Amino acid sequence: MNVEKQIRDLLNQMTLDEKIGQLHLINGAGGHIPDHLRHTIAEARIGGILNEVNVETVNELQRIAVEDSRLGIPLIIGRDVIHGFKTIFPIPLGQAASWNPAIIKKGARIAAVEAAASGVNWTYAPMMDIGRDPRWGRVAETLGEDPYLTSVLSTAMVHGFQGEDLKNHDSIAACAKHFAGYGASESGRDYNTTNVPENELRNVHLPPFKAAVNAGVATFMTSFSDIDGVPASANELLLKQILRKEWQFDGFVVSDWASVRELIVHGLTANDKESAFEAISAGVDMEMASDTYVRSLKELLDEGAVTIAQIDNMVENILRIKARLGLFENPYTDPAAFPTIANSFHLEAAKQAAVESAVLLKNNNHLLPLSQDLNSLAVIGPMADEPYEQLGTWIFDGDPGLSQTPLRSLRDTLGQSMEIGYARGCKSTRSRGKEDFPEALELARKSDAVLLILGEESILSGEAHSRADVRLPGNQEELIAEIAATGKPVILVIIAGRALALQNIVDHVDALLIAWHPGTMTGPALTDLLTGKVSPSGKLPVTLPKLTGQVPIYYAHKKTGRPASPETFMHIDDIDQGAPQLSIGNTSFHLDAGYTPLFPFGYGLSYSKFHYENIHLSAHELTVGESLTVTAQITNIGGVPADEVVQLYIRDLVGNVTRPVKELKGFQKIHLHSQECVTVEFQLTNEDLSFYNRNMKQVTEPGEFHVWIGGDSDTQLRAEFRLVSP
Ligand code: BGC
């Protein structure tokens with residue numbers, strides 16, 4: 001039957017209580033079903049349940065909904081399946097470092113299959129907030145700082161979760177979150193207020209959400225934060241104007257956890273009734289965790305503040321997704337219809353994702369891959385053998401028992417050919433005592449090389465876990481300095497949930513690999529990379545600052561009226577005592593940190609080397625609306641085969657609003673044998689050249705453009721073209 005007719009027919013039979021029930025999303029009771037819950041479901045006063053993952057319980061909940069309630073409407077069953085279910089993939093920020101939509105789609109597919117086997121039919125992912133402030137703990141859940149990269153990768157995740165057809169037994173509905181601007185939480189403190197002008201909102205924060213609508217995402221979640229004085233869960237501009245009117249989204253919008261009731265705490269409303277009114281008027285269809293709708297909707301209807309047409313519309317949005325999920329035909333889950341959890345195919349994909357996520361930032365004297373001549377290796381650090389801590393944030397269903405740690409994998413693989421010693425160095429990444437230093441130093445002194453595995457435990461990033469200082473926590477910087485002083489070659493692998501400020505330690509180490517939280521298969525992935533079985537291919541999805549005080553620092557910044565340059569930069573140590581104030585000729589930099597990051601967005605080395613040349617455009621003048629072909633030649637000039645992420649950037653030189661100095665508009669991950677040369681081709685479309693102007697209209701303006709192709713956002717291989725009016 002036609003879905004729209006099916007939901008209309010159903011709606012016509014529903015009582016007001018049953019309609020209100022559909023709008024209500026409650027937390028599960030943890031594997032059992034108390035009597036009051038049975039009654040509430042049988043009376044159809046609940047539309048969905050989150051955090052219930054026992055398949056027998058979920059099937060029984062569905063049975064009550066379908067058989068014991070008057071109209072038999074099935075439940076939607078939600079869970080935060082963020083980077084894997086049982087088989088844990090790298091955190092989203094790590095996956096983003098792979099710049100590989102195919103592996104990301106595969107990861108989401110596997111997560112969906114494992115989750116769907118438990119009866120889950122809805123995930124609260126992908127998170128597509130723009131992460132430009134590493135203090136914010138939730139950068140771990142982002143796909144990085146860039147609107148284009150985030151759009152492409154979150155689209156891949158939506159496709160992975162939702163599969164070929166939402167109706168398939170192993171497809172789950174995705175949720176684009178957090179709509180919108182949450183990534184701009186002031187000072188990176190979670191839940192904090194945001195200050196995002198509408199133009200920036202449209203040009204920077206919204207593109208991934210729009211891409212998710214185009215990808216067919218089933219649901220949206222509002223953000224906890226307020227934006228321009230209006231919390232997202234009461235924000236008509238976001239939900240009504242942009243999401244429904246401009247983008248024509250026809251799925252449903254869920255609030256974040258209790259964010260409707262929290263409108264009171266924000267100081268937007270005085271009581272639950274006002275909160276329900278604000279959220280409904282803005283366009284929040286389903287209320288998560290709090291119950292202001294259940295408590296106040298009838299009164300709001302009686303008073304005429306809310307109309308039955310509004311409620312019908314909200315219910316229809318929810319029923320539409322339940323119908324698309326095929327829940328009316330089959331609400332039950334047969335675990336036997338699914339492959340084994342964490343099977344070898346799933347683990348191999350998780351390993352591949354972890355391999356591709358690691359970013360090599362430094363490799364002096366080709367210290368990596370590890371030489372076969374090494375007789376002994378000192379593995380040191382509190383992250384080297386911690387099955388839980390390598391998994392990262394949001395792993396409710398992850399099983400640390402499946403984790404393969406670096407120490408164990410290295411010993412399994414290399415233990416026969418070299419002596420692998422181990423010392424923790426610090427009790428945890430946060431500990432300040434130095435009592436474990438001597439053992440680590442002694443081990444370093446008697447070994448040929450040192451492999452430090454440091455970083456942040458899982459709990460130091462993620463929701464509500466922001467940090468004001470994004471250096472390595474605890475006494476890890478000191479440990480690095482003391483290990484370096486032994487004179488042994490030092491390789492540092494960082495396992496962490498954010499971009500860290502590494503200026504203090506980068507010169508102490510010979511090789512540096514950022515692995516983020518790589519998940520279940522951390523050990524085998526790192527072993528393959530460290531031994532050179534594969535070459536690192538990850539690229540930074542975020543800019544790495546030198547110091548915390550530089551953040552937010554991102555490559556697509558505005559030029560300003562006084563951009564910094566090497567000629568105008570002045571270091572604090574070079575200022576004469578008593579120097580007079582002079583603003584003329586001054587530019588935008590920090591006296592103590594300059595204006596450049598430690599490593600730029602898009603950066604990452606491999607065990608080979610790539611040379612870029614011959615950037616070529618299909619035209620140097622084109623008419624607005626036409627596409628442009630941009631090519632460049634890339635050669636692997638190193639001695640080993642390796643992957644490279646070829647990146648395309650543009651700059652619109654003059655705009656109705658100021659434009660970023662560079663914007664990513666394309667990327668391709670290619671594999672080249674030693675000495676192989678290829679021509680890589682990109683198409684730049686009218687859409688790629690467009691932006692939102694002062695009137696919030698998407699426009700493509702005639703004028704001069706620059707275009708670059710290269711291996712990171714600092715690339716200098718540039719061409720130019722002019723866009724003319726039709
Ligand atoms: C988070 C969401 C999450 C929800 C449900 C909230 O605290 O902000 O991202 O999906 O909880 O667990």
Side-chain angles (χ1 to χ4, degrees), residues 80 82-95 97 134 137-141 342 347 350-351 353-355 357-359 378-412 420 422-433 436 440 451-467 469-477 479-480 491-500 502 505 512-527 529-530:
D80 290 280
I82 307 297
H83 53 111
F85 188 70
K86 290 274 186 237
T87 308
I88 299 298
F89 281 69
I91 52 170
L93 186 60
Q95 291 189 45
R138 301 199 80 169
V139 285
E141 299 171 58
L347 292 173
K351 174 181 160 185
V355 164
S357 296
V359 186
V379 177
I380 296 172
M383 297 295 286
D385 195 24
E386 286 294 331
Y388 174 72
E389 305 300 352
Q390 68 187 36
L391 298 181
T393 188
W394 283 119
I395 48 119
F396 285 167
D397 305 287
D399 178 1
L402 293 170
S403 286
Q404 301 186 33
T405 68
L407 180 65
R408 284 178 226 172
S409 295
L410 284 165
R411 280 189 166 151
D412 286 351
I420 299 186
Y422 171 60
R424 274 186 89 81
C426 326
K427 293 221 161 12
S428 79
T429 67
R430 289 170 277 160
S431 48
R432 299 211 175 87
D436 294 314
L451 173 63
L452 282 167
I453 306 189
L454 305 175
E456 292 180 320
E457 295 136 51
S458 297
I459 198 62
L460 296 189
S461 57
E463 185 175 346
H465 288 78
S466 300
R467 295 177 56 211
D469 178 350
V470 296
R471 288 176 300 169
L472 281 164
N475 57 14
Q476 296 181 93
E477 286 193 348
L479 177 67
I480 296 170
I491 300 148
L492 171 60
V493 172
I494 290 186
I495 294 181
R498 54 166 60 77
L500 295 165
L502 300 172
I505 56 96
L512 173 60
L513 187 76
I514 308 274
W516 322 99
H517 284 124
T520 304
M521 296 299 279
T522 302
L526 286 179
T527 302
L529 290 164
L530 296 170

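Remember, predicted model here, so these are calculated numbers, not experimental data.
Scored by the side-chain contact (heavy atoms from CB on, under 4.5 Å) test, A97 finds V359, W516, P541 as partners (sequence neighbours excluded). For T393, the side-chain contact (heavy atoms from CB on, under 4.5 Å) partners are A140, E141, not counting sequence neighbours. In this structure D412 satisfies the side-chain contact (heavy atoms from CB on, under 4.5 Å) test with no other residue, sequence neighbours excluded. In terms of the ring pair (Phe, Tyr, Trp, His ring centres under 6.0 Å) criterion, Y388 has no residue partners (sequence neighbours excluded). Residues satisfying the side-chain contact (heavy atoms from CB on, under 4.5 Å) criterion with E386, sequence neighbours excluded, are E389, R424.
A heavy-atom distance below 4.5 Å is found between the side chains of L410 and V379. The side-chain heavy atoms of R430 and I459, taken from C-beta on, include a pair separated by under 4.5 Å. Proximity of R138 to W394: side-chain heavy atoms (C-beta onward) are separated by under 4.5 Å at one or more points. Looking at heavy atoms from C-beta onward, L526 lies out of side-chain contact with S409 at the 4.5 angstrom threshold. Contact annotation: the side chain of P382 approaches that of L454 to within less than 4.5 Å [non-hydrogen atoms, C-beta and beyond].
Listed for the Q95 side chain is a donor-acceptor partner under 3.5 Å among the backbone atoms of P90. In this structure, the side chain of N475 engages the main chain of R432 through a donor-acceptor pair within 3.5 Å. Not one N or O on the side chain of H517 forms a donor-acceptor pair closer than 3.5 Å with the backbone of I91. Using modelled atom types, one side-chain atom of E457 and one backbone atom of T429 make a donor-acceptor pair closer than 3.5 Å. Side-chain N or O atoms of Y422 include none that pairs as donor or acceptor with a backbone N or O of D385 at under 3.5 Å. At least one donor-acceptor pair under 3.5 Å links the side chain of S466 to the backbone N or O of G137.
Distance check: E477 CD to L502 CG gives 8.0 Å after rounding to the nearest 0.5 Å. Here the CE atom belonging to M521 is positioned 10.0 Å from the OG1 atom belonging to T527, to the nearest 0.5 angstrom. Atom OG of S403 sits about 4.0 Å away from atom CG of L391, to the nearest 0.5 Å.
Look at D469 and R471 and you find a salt bridge, because one of the NZ, NE, NH1 or NH2 atoms lies within 4.0 Å of a carboxylate O, short of that distance.
Q390 approaches P406 most closely through the heavy-atom pair OE1-CD, 3.6 Å. Closest non-hydrogen pair, A342 versus L402, comes out as CB-CD1, 3.6 Å. I380 and G425 get closest at one heavy-atom pair: CG2-CA, 4.2 Å. Scanning both residues, A440 and L479, for their nearest heavy atoms gives CB-CD1, 4.5 Å. For the residue pair A384 and T405, the shortest heavy atom distance occurs at O-CB, 3.7 Å. Here the closest heavy-atom approach between residue P400 and residue G398 is recorded as CD-O, 3.5 Å.
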> Going through the distances and angles, do L530 and L451 end up as a side-chain contact (heavy atoms from CB on, under 4.5 Å)?
Replying inline: CA-CA 10 Å; L530 296 170; L451 173 63; 3.7 Å; yes
> Can L472 and I480 be said to form a side-chain contact (heavy atoms from CB on, under 4.5 Å), step by step?
Replying inline: CA-CA 10 Å; L472 281 164; I480 296 170; 3.6 Å; yes
Would you tabulate the side-chain donor-acceptor contacts of residues 492-500 under 3.5 Å, counting partners in other chains and residues two or more places apart, or write 'none'?
| from | atom 1 | to | atom 2 | distance (Å) |
| --- | --- | --- | --- | --- |
| R498 | NE | P134 | O | 2.5 |
| R498 | NH1 | E456 | OE1 | 3.3 |
| R498 | NH1 | E456 | OE2 | 2.5 |
| R498 | NH1 | L460 | O | 3.0 |
| R498 | NH2 | R135 | O | 3.4 |
| R498 | NH2 | L460 | O | 3.4 |
| R498 | NH2 | H465 | O | 3.2 |

